[in-house]
Each structure stands twice: as C-alpha cells, then as structure tokens.
Amino acid sequence: QVQLVESGGGLVQAGGSLRLSCAASGRTFISSVMAWFRQAPGKEREFVAGIKWSDGSTYYADSVKGRFTISRDNAKNTVYLQMNSLKPDDTGVYYCARNDRLLLIKSTTVYDYWGQGTQVTVSS
C-alpha cells in the first residue's frame, strides 16, 4: 500500500520561501509520476507541479513557473517542492499525489494516491 506523507508547510511572509517534502512508502516504479496540488478555501484543487520518476522531467502550472521547483530523491523516495518568491495567492493546503501510469497531467482524476496535505499560509 502506498502512503504519501507531506511536511514543511507553515506561515511565511510574501517574498519568502518554503520547501515542502513528500515521502512515499512502498515501491516506486519507472511509470510513477509524483505531483503537487493545492487547494485554497472555497476553490477547487489545482495542479502546481509534477515530475516523472523515470527521467525527472517536470511540468509546472503557469502561475508558479520561475518561482517553484519540483525535484526528487530516488534513494529516499521523496519529492520536494521548493517555493520561492511566495505570494498571498499561494496560500492553501498543499497535497502530494501519485499515479503509476506515466501520466504527467493536471487532472486530479488520474492520481490514485494522495497525502493528507500540509498548510501553507503567505501573509502580505
């Protein structure tokens, strides 16, 4: 059974940085894709960034390009999200997700495993 555990959220001022971590239990596969989503109060969950476990290729939402970086550590089965130049609009619960079907896309429906989420709050 796959479990995803996020950590690293918190309160930060606008312009600051945070690094989120997502540790995955169980095996990862060459077809695994890990992604970060976020959900603000009253809004739908939205895609932030994703990475293919096989070759490290990445995909970002336009709203975070140039500010956020997703990376992976194969040995630790962990994915990171480095968030710089944070804005109040980045506030929300950040979720780690995974599918094992090589689908690096924005839709929540293709991700089979989800973490419990970690709160990120950016103050102005």
Aromatic rings Tyr111 and Phe37: how do their planes relate, parallel, tilted or perpendicular, breaks at 30° and 60°?
perpendicular
How about CD on Gln116, more than 12 heavy atoms from neighbouring residues, nucleotides or ligands closer than 6.0 Å, or not?
yes
May I ask you to check whether over 12 heavy atoms, not counting those of Tyr60, lie within 6.0 Å of atom OH?
yes
Rounded to the nearest 0.5 Å, what's the gap from [atom1] on [X] to [atom2] on [Y]? Could you check?
X: Ser63; Y: Glu46; atom1: OG; atom2: CD; result: 5.5 Å
X: Ser57; Y: Leu102; atom1: OG; atom2: CG; result: 8.0 Å
X: Ser31; Y: Asn99; atom1: OG; atom2: CG; result: 8.0 Å
X: Ile30; Y: Asp100; atom1: CD1; atom2: CG; result: 12.0 Å
X: Lys65; Y: Thr58; atom1: NZ; atom2: OG1; result: 9.5 Å
X: Tyr94; Y: Gln119; atom1: OH; atom2: CD; result: 9.5 Å

Path from [X] to [Y] over hydrophobic side-chain contacts below 4.5 Å:
X: Phe47; Y: Ile105; answer: yes
X: Val64; Y: Leu104; answer: no
X: Val79; Y: Val2; answer: yes
X: Trp53; Y: Tyr113; answer: yes

Which atom of Ser124 lies closest to which atom of Ala14, heavy atoms considered:
CA-CB, 4.4 Å
Least distance between heavy atoms, Gly56 atom then Arg72 atom:
CA-NH1, 3.5 Å
Stepwise, does the side-chain contact (heavy atoms from CB on, under 4.5 Å) test hold for Asp90 with Phe68?
CA-CA 11 Å; Asp90 295 318; Phe68 291 11; 3.9 Å; yes
Check the pair Tyr95, Glu6 against side-chain contact (heavy atoms from CB on, under 4.5 Å), reporting the backbone distance first and the verdict last.
CA-CA 7 Å; Tyr95 297 91; Glu6 303 100 333; 4.1 Å; yes
Does the Lys NZ or Arg CZ of Arg19 fall within the cation-pi geometry relative to Tyr80 - under 6.0 Å from the ring centre and within 45° of the axis?
yes
Ring-face cation contact, Trp114 with Arg98, 6.0 Å cut, 45° max
no
Is it the case that Thr78 and Asp73 place a side-chain donor and acceptor less than 3.5 Å from each other?
no
Looking at [Y], is its backbone amide N or carbonyl O close enough to the side chain of [X] to form a donor-acceptor pair, meaning the two atoms are under 3.5 Å apart?
X: Thr118; Y: Gly9; value: yes
X: Ser25; Y: Gln3; value: yes
X: Arg67; Y: Ser85; value: yes
X: Asn77; Y: Gly26; value: yes

Answer whether the closest heavy-atom distance between the side chains of Cys22 and Met34 falls below 4.5 Å.
yes
Is the closest basic N to carboxylate O distance between Asp55 and Lys52 below 4.0 Å?
no
Criterion side-chain contact (heavy atoms from CB on, under 4.5 Å) on Asp112 and Arg101, from CA distance to verdict:
CA-CA 10 Å; Asp112 303 305; Arg101 292 175 277 171; 3.0 Å; yes
The side-chain contact (heavy atoms from CB on, under 4.5 Å) partner of Ile70 among Leu20, Leu81, Val48 is Leu81
Using the rule given for side-chain contact (heavy atoms from CB on, under 4.5 Å), can you reason through Leu18 versus Val120, listing the C-alpha separation, both sets of side-chain angles and the distance that settles it, and then say yes or no?
CA-CA 9 Å; Leu18 281 174; Val120 171; 3.9 Å; yes
